[in-house]
There are 2 protein chains.
Amino acid sequence: MKARAVDRRIQRTRQLLHGSLMALIQEKGFEALSVQDIIDQANVGRATFYAHFDSKEDLLASGIENLRASLKERQRQARSAGGSDERLFAFSRELFTHANEHRTIFRAMVGKRSGAVVQQLLQKMLVDLVREEVRGTWAEKENETPIEAVSQFIGGGLFGLLMWWGNGKMRMAVDDVDLMFRRLAIPSLKAAAR
Amino acid sequence: MKARAVDRRIQRTRQLLHGSLMALIQEKGFEALSVQDIIDQANVGRATFYAHFDSKEDLLASGIENLRASLKERQRQARSAGGSDERLFAFSRELFTHANEHRTIFRAMVGKRSGAVVQQLLQKMLVDLVREEVRGTWAEKENETPIEAVSQFIGGGLFGLLMWWGNGKMRMAVDDVDLMFRRLAIPSLKAAAR
DNA sequence: TCGTTTCGGAACATAATGTTCAGTTTCCGA
DNA sequence: TCGGAAACTGAACATTATGTTCCGAAACGA
């Protein structure tokens with residue numbers, strides 16, 4: 001458990017690149033970006049970029065990894081704090097709230113211009129979160145439907161909903177879209193648990 | 001409604017390109033393909049390719065368009081032939097069956113190597129099919145949950161399930177995975193219709 | 001058969017990728 | 001604070017793909 005001190009230069013470079021990526025995604029979308037754009041914006045040498053990341057996809061993935069970690073943490077907190085059945089999928093609220101708070105960057109990412117790569121990573125992340133949740137409430141009581149299938153279904157559904165909400169005007173309130181998700185997902189889960 | 005006779009050369013070229021695309025996807029996945037690969041395999045001139053399609057994505061989309069049309073047709077048949085509530089989401093069977101029959105190409109397409117673009121197109125297609133179905137059974141009876149949201153949720157879920165099934169060994173039988181989908185989706189739909 | 005359309009194939013301009021390397025700056029800890 | 005280690009720079013370079021253009025040849029269909 002040593003607190004591995006990471007070289008400041010590395011921290012700075014990574015931070016600069018992540019920041020530039022986010023800024024540029026808002027500006028032109030992810031697909032249209034080149035590595036050159038990113039390093040220009042970050043004012044970082046070409047060689048330096050490739051010393052840290054394999055490609056712009058890699059950089060993006062690393063950014064999403066941070067997001068996942070932060071959401072997982074909030075999920076952990078929510079679970080330990082709340083009652084069990086009532087707060088099923090409690091993390092969804094955090095998710096929608098987070099999306100709403102960072103709505104400009106969020107909408108840029110799920111928008112058509114950012115494209116399929118971003119979305120795929122997001123969906124994977126959501127399925128992970130859902131799986132965690134399903135595992136917790138499943139208790140392995142000899143169900144016919146595999147955990148993984150349920151997670152994929154509900155995770156996929158959540159992603160679809162999130163995309164729809166984000167690509168529209170997001171005029172629906174966080175509470176409402178969250179409620180909608182829960183009313184769609186929980187019956188599925190219960191039905192599969194029989 | 002004139003039966004526009006399409007020049008044979010055009011038909012041939014398109015067919016050749018589609019065929020080559022499918023063959024190459026099985027071989028190396030979609031992302032790794034270049035336009036050059038495709039026209040080599042098809043034995044078609046470079047200029048000819050760009051006279052028909054803007055890019056390999058365009059070619060792919062046009063291919064998936066065919067698939068969508070054929071699935072929609074089977075969906076239409078299934079609906080006119082079956083009872084209403086009992087055969088809810090009857091098209092899903094067609095879908096899984098179709099995937100199973102063309103399993104080699106299907107698995108190549110949803111595999112990690114083919115990547116996000118293919119998957120995004122597939123998901124869009126599924127949501128379309130689901131929306132059609134939901135519209136049919138919805139009857140606009142003043143529901144709180146918008147049709148579009150439900151379609152996105154269930155379509156996304158179906159996609160997740162399909163991916164999971166396809167990326168695993170597809171050892172689960174068509175009937176079983178279809179049943180699983182229906183047991184997950186129908187409760188959602190019913191719950192949202194309240 | 002004749003006029004029209006499409007195809008072929010090469011050439012070309014443009015642009016992005018990913019690697020290499022020598023020289024410089026920055027960092028960290030002893 | 002100093003010295004060695006590590007990270008950054010910037011430019012050069014090979015490679016690869018993209019999309020367009022042109023004209024002669026071939027295939028079409030009426």
Side-chain angles (χ1 to χ4, degrees), chain A residues 1-25 27-63 112-118 121, chain B residues 1-25 27-63 112-118 121:
Chain A
M1 277 289 194
K2 178 122 161 255
R4 279 278 274 116
V6 178
D7 195 311
R8 249 178 234 165
R9 291 167 291 183
I10 295 181
Q11 293 182 343
R12 268 209 301 261
T13 303
R14 296 225 161 112
Q15 193 172 315
L16 272 172
L17 289 174
H18 279 130
S20 304
L21 177 67
M22 290 308 160
L24 287 172
I25 282 182
E27 198 174 299
K28 346 173 29 179
F30 180 77
E31 305 285 334
L33 286 178
S34 68
V35 172
Q36 193 63 51
D37 292 333
I38 300 171
I39 65 184
D40 284 352
Q41 167 97 16
N43 197 27
V44 154
R46 182 171 197 70
T48 307
F49 178 92
Y50 283 106
H52 288 275
F53 302 99
D54 289 343
S55 57
K56 61 175 183 166
E57 282 79 13
D58 193 22
L59 171 60
L60 174 69
S62 140
K112 195 170 167 299
R113 290 185 359 167
S114 262
V117 184
V118 187
L121 285 170
Chain B
M1 276 286 194
K2 178 121 160 256
R4 278 279 274 117
V6 178
D7 194 311
R8 253 178 232 165
R9 290 168 292 182
I10 295 182
Q11 292 182 344
R12 269 209 301 262
T13 302
R14 296 226 163 110
Q15 193 170 317
L16 272 172
L17 289 173
H18 279 129
S20 303
L21 177 67
M22 290 308 159
L24 287 172
I25 282 182
E27 198 174 300
K28 351 174 21 179
F30 180 77
E31 306 285 335
L33 285 178
S34 70
V35 172
Q36 195 62 50
D37 291 333
I38 300 172
I39 64 184
D40 284 352
Q41 167 96 15
N43 197 26
V44 153
R46 184 171 195 70
T48 307
F49 178 94
Y50 283 105
H52 288 275
F53 303 99
D54 288 343
S55 58
K56 61 174 183 168
E57 281 79 14
D58 193 24
L59 171 60
L60 174 70
S62 141
K112 194 170 168 301
R113 291 185 358 168
S114 259
V117 184
V118 186
L121 285 170

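Just so it is clear, the structure is predicted and the values come from calculations on it, not from any experiment. Every chain is numbered from 1, with letters handed out A, B, ... down the list of sequences.
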- prompt: Rounded to whole angstrom units, what separation is found between the CD1 atom of B/I39 and the P atom of C/dG8?
  reply: 10 Å
field: Distance (rounded to the nearest 0.5 Å) between A/K112 NZ and A/E31 CD
entry: 9.5 Å
message: Looking at B/D58, is its backbone amide N or carbonyl O close enough to the side chain of B/S62 to form a donor-acceptor pair, meaning the two atoms are under 3.5 Å apart?
response: no
- request: Round to the nearest Å and state the distance from B/F53 atom CZ to C/dT6 atom P.
  value: 14 Å
- line: Closest of D/dC28, D/dA7, C/dA16 to the A/D7 side chain is D/dA7
- prompt: Where the side chain of B/T48 is concerned, which of C/dG8, D/dA7, C/dT6 is the nearest nucleotide?
  reply: C/dG8
- request: Summarise how protein sits on nucleotides 18-24 of chain C as a single string, 5' to 3': B when a protein heavy atom is under 4.0 Å from the base, S for sugar-phosphate-only contact, - for no contact.
  value: BBBB---
Side chain A/R9 and base D/dA6 donor-acceptor under 3.5 Å: yes
task: Taking the side chain as every heavy atom from C-beta outward, state whether A/H52 and A/I10 have any pair of such atoms under 4.5 Å apart.
output: yes
field: Any B/H52 side-chain nitrogen or oxygen under 4.0 Å from OP1 or OP2 of C/dT6
entry: no
- prompt: Rounded to the nearest Å, what distance is computed from the CZ atom of residue A/R8 to the C1' atom of nucleotide C/dT25?
  reply: 15 Å
query: Taking side chain as C-beta onward, heavy atoms only, is B/I38 less than 4.5 Å from B/L24?
result: yes
- request: Could you pick out which residue, B/D37 or A/A51, lies toward the 5' side of DNA chain D when each is mapped onto its nearest nucleotide?
  value: A/A51
- prompt: Rounded to the nearest Å, what distance is computed from the CG atom of residue B/D40 to the C1' atom of nucleotide C/dA10?
  reply: 14 Å
Atom-pair distance (CD on B/Q36; P on D/dT15), nearest Å: 17 Å
message: Expressed as a whole number of angstroms, how long is the span from A/N43:CG to D/dA7:C1'?
response: 16 Å
task: Starting from C1' on C/dG8, measure out to CD1 on B/I38 and report it in whole angstrom.
output: 18 Å
statement: All heavy atoms of A/V35 vs all of A/Y50, minimum pair found to be CG2-OH, 3.7 Å
query: Between atom NZ in B/K28 and atom C1' in D/dA17, what is the gap in whole Å?
result: 12 Å
message: Are B/L33 and B/E27 packed together at the side-chain level, in the sense that at least one heavy-atom pair is separated by less than 4.5 angstrom?
response: no
- request: Answer yes or no: is there a donor N or O on one side and an acceptor on the other, between the side chain of A/D40 and the main chain of A/D37, under 3.5 Å?
  value: no
- request: Can you see which heavy atom on A/L60 is nearest to which on A/V118, and at what distance?
  value: CD2-CG2, 3.8 Å
- request: Identify, residue by residue, the members of residues 11-19 of chain B with a heavy atom below 4.0 Å from DNA chain C, and return them in order of residue number, or none.
  value: B/T13
Sidechain-backbone polar pair: B/K56 side chain, B/F30 backbone, donor-acceptor under 3.5 Å: yes
